[in-house]
S.K.: 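Handing you a structure now.
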Amino acid sequence: MRYNSTRDTGVSVSAAQAITQGISKEGGLFVPEAIPSFSKEEILALVDKPYVERAAAVLSKYLTDFTAEEVKECASLAYTQERFRSPSIAPLHTLEDGVEILELWHGPTCAFKDMALQILPHLMRVSAGKTADGKTIIILVATSGDTGKAALEGFRDAANTRILVFYPEDGVSPMQKLQMTTQEGENVAVCAIRGNFDDAQSGVKAIFTDPAIAAKLERNGMMFSSANSINWGRLVPQIIYYVSSYCEMLKKGALSMGDPINVVVPTGNFGNILAAYYAREMGLPIAKLICASNENRVLTDFIETGVYDRNREFHTTTSPSMDILISSNLERLLYDLSGRDDQAVCRMMDNLKTDGKYTVPAEMHQKIRALFAAGSCDDRRTAETIRDIFQKHGYLLDTHTAVAVAVYEDYRRSTGDTTPTVIASTANPYKFSDAVLTAVSGPSGAGEFEKVDLLYKATGCEVPAPLASLRGKTPRFTGVCNRADMEQTVYDLLHIDAE
Ligand SMILES: *Cc1c(COP(=O)(O)O)cnc(C)c1O
């Protein structure tokens, strides 16, 4: 299988190249030349298999330049019992009849980013072995909070690799910040930037696509790659858990093979829900893809109107990993739904860059409406949802998952659609203790770990060990820089001369 660029269909690279390179030279994203399919028999054959085998089955369809042994090795090293505190890796929790919460946060950093970032370093190592001729790979990350920590944890002390993470100074939760700034490992660095996530992301993207910077790195025996969800190696592992959740439902008799499900995804950069779209295109019986946004409802409006318009107020919300106005992975969907029309994608992305908006053709908008439903939810409703679900079901949601649950409630009420539904749960509630505690038992002025204690007292829900162990740790990384100084910061952190 070859990979093309969303901005130049003429670009054709192997999976290994797509993964080491991260982004195509002209700024497009790598996409498979055709979406492989999964037959009913293939899905049924995975029902009694562990997660690692489900993973290998999905990955081997896309990573055709990897050997079967390489794929299996990557999956086995990533999805272990030591790293994921759940035997099924991505377990389902039945909220009520026909409503399943897909818990994606049992990995080392307690957010769903681990599902991809625990395996990406292994995919990268194998890919680099095939393509990177001994260069040191520099992983450059812009994070809205969870990617940064998950990438640091995944790549720490990985051979021939260094990782630099930029996060918005005031755009992450105290727990997220502490997770990143206390990161251990010899090959890691973390820096705050003055700005929001979109500033961090566009800064990183600009560095990535600047040929002069690439040349400078090359002279120093280095090359950039990306651990953001623009990297195909981030996206493909996310397809696995949708397939796996369907297998789990078959296994417990909640479905018969072929029965449709709906999937609800709390969305920011459009990566997680795009993986569900790929699963659907592969043949997984998904009926509706329900896209849930917080007050930054740029995607809700886009799906409803066909106009993507980022010219709006940016809201800092209690679900910070979704505080995003430029959803990068949407580009892959546009490419697919336009019939792989790279010129159309270029025009839309140019418009986004110059005017902050673009409109999709009516025909494409119709397709989007058929595939997707969308809704949004403000902080007040998010808090109400956390409280209600806890009171009704004794189950504690984090803020992002609560957005998804609220949007699902609205969807179900307005459509009457009772198709069995999988709701992606993207973080453990203790990552956002302040907002979750406030929702459950009212505001409290205590420090971050007192909040953790109070939340435990109020709910009896277990505090995950990786978060509990941060208590009392001293930050290693305290640097802050301006958006304009990111390039220099990269040179400083890599100890290379700017000239
Ligand atoms: C990253 C993240 C999201 C958004 O996922 P996208 O793939 O960017 O849409 C939602 N919730 C949490 C907790 C996250 O970390």
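Counting starts at 1 for both ligands and their atoms, following the listed order. Residues take their numbers from the sequence shown, with the count starting at 1.
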S.K.: Parallel, tilted or perpendicular for Phe302 and Tyr358, by the 30°/60° rule?
M.R.: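 Phe302 vs Tyr358 ring planes: perpendicular.
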
S.K.: Counting heavy atoms only, name the option from Ala150, Ala404, Pro266, Ser293 that's nearest to atom 10 (C) of ligand 1.
M.R.: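 Shortest heavy-atom distance from atom 10 (C) of ligand 1: Pro266.
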
S.K.: Quick one: which ligand 1 atoms are inside 4.0 Å of a heavy atom on Ala427?
M.R.: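 The list of qualifying atoms is 13 (C).
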
S.K.: Could you tell me which atoms of ligand 1, counted from 1 in the order shown, lie closer than 4.0 angstrom to a heavy atom of Thr267?
M.R.: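 Close to Thr267: 9 (O).
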
S.K.: Considering only heavy atoms of Gly271, which atoms of ligand 1 have at least one such atom less than 4.0 Å away?
M.R.: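 In order of number, 6 (P), 7 (O), 9 (O).
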
S.K.: Over 60° means perpendicular and under 30° means parallel, so classify the ring planes of Tyr62 and Tyr278, tilted if in between.
M.R.: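 Because their plane-to-plane angle is over 60°, the rings of Tyr278 and Tyr62 count as perpendicular.
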
S.K.: Any ion pair linking Arg156 and Glu153 (charged N to carboxylate O, less than 4.0 Å)?
M.R.: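 Counted as a salt bridge, because a side-chain N and a carboxylate O are separated by less than 4.0 Å.
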
S.K.: Charged N to carboxylate O under 4.0 angstrom, Arg413 versus Asp410?
M.R.: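 Yes, this pair counts.
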
S.K.: Is the number of heavy atoms from other residues, nucleotides or ligands under 6.0 Å of Phe314 CZ greater than 12?
M.R.: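 Yes, CZ of Phe314 has more than 12 neighbouring heavy atoms, counting only those of other groups under 6.0 Å.
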
S.K.: With backbone taken as N, CA, C and O and side chain as the heavy atoms from C-beta onward, which portion of Phe112 lies under 4.0 Å from ligand 1: side chain, backbone, both, or neither?
M.R.: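 Near ligand 1, Phe112 shows its side chain, while the N, CA, C and O stay back.
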
S.K.: For ligand 1, indicate whether the residue Lys431 contacts it via side chain, backbone, both or neither (heavy-atom separation under 4.0 Å).
M.R.: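 The answer is neither.
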
S.K.: Would Tyr79 and Phe84 count as a ring pair (Phe, Tyr, Trp, His ring centres under 6.0 Å) here? Give the steps.
M.R.: CA-CA 7 Å; Tyr79 302 118; Phe84 287 82; 5.7 Å; yes

S.K.: I need the nearest protein heavy-atom contact for atom 12 (C) of ligand 1: residue, atom name and distance, please.
M.R.: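 Answer for atom 12 (C) of ligand 1: Thr426 OG1, 3.3 Å.
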
S.K.: What is the closest protein heavy atom to atom 4 (C) of ligand 1, and at what distance does it sit?
M.R.: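 Nearest protein contact, heavy atoms only, for atom 4 (C) of ligand 1 is Gly268 N, 3.6 Å.
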
S.K.: Is atom CZ of Arg476 surrounded by more than 12 heavy atoms (other residues, nucleotides or ligands) closer than 6.0 Å?
M.R.: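 It does: Arg476 CZ has more than 12 such atoms within range.
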
S.K.: Does ligand 1 come near enough to Asp146 that some N or O of the ligand is less than 3.5 Å from an N or O of the residue?
M.R.: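 Between Asp146 and ligand 1, an N or O pair is found under 3.5 Å apart.
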
S.K.: Any nitrogen or oxygen of Asn269, side chain or backbone, less than 3.5 Å from one on ligand 1?
M.R.: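 Yes, since at least one N or O of Asn269 sits under 3.5 Å from an N or O of ligand 1.
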
S.K.: Is it the case that more than 12 heavy atoms not belonging to Lys473 sit under 6.0 Å from its NZ atom?
M.R.: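 Result for NZ/Lys473: enclosed.
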
S.K.: Which residue supplies the protein heavy atom nearest to atom 7 (O) of ligand 1, what is that atom called, and how far is it?
M.R.: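 Scanning the protein heavy atoms, the shortest distance from atom 7 (O) of ligand 1 goes to Asn272 N, 2.9 Å.
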
S.K.: Nearest non-hydrogen contact with atom 2 (C) of ligand 1 belongs to which option: Lys113, Gln176, Met322?
M.R.: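 Result: the heavy atom closest to atom 2 (C) of ligand 1 is in Lys113.
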
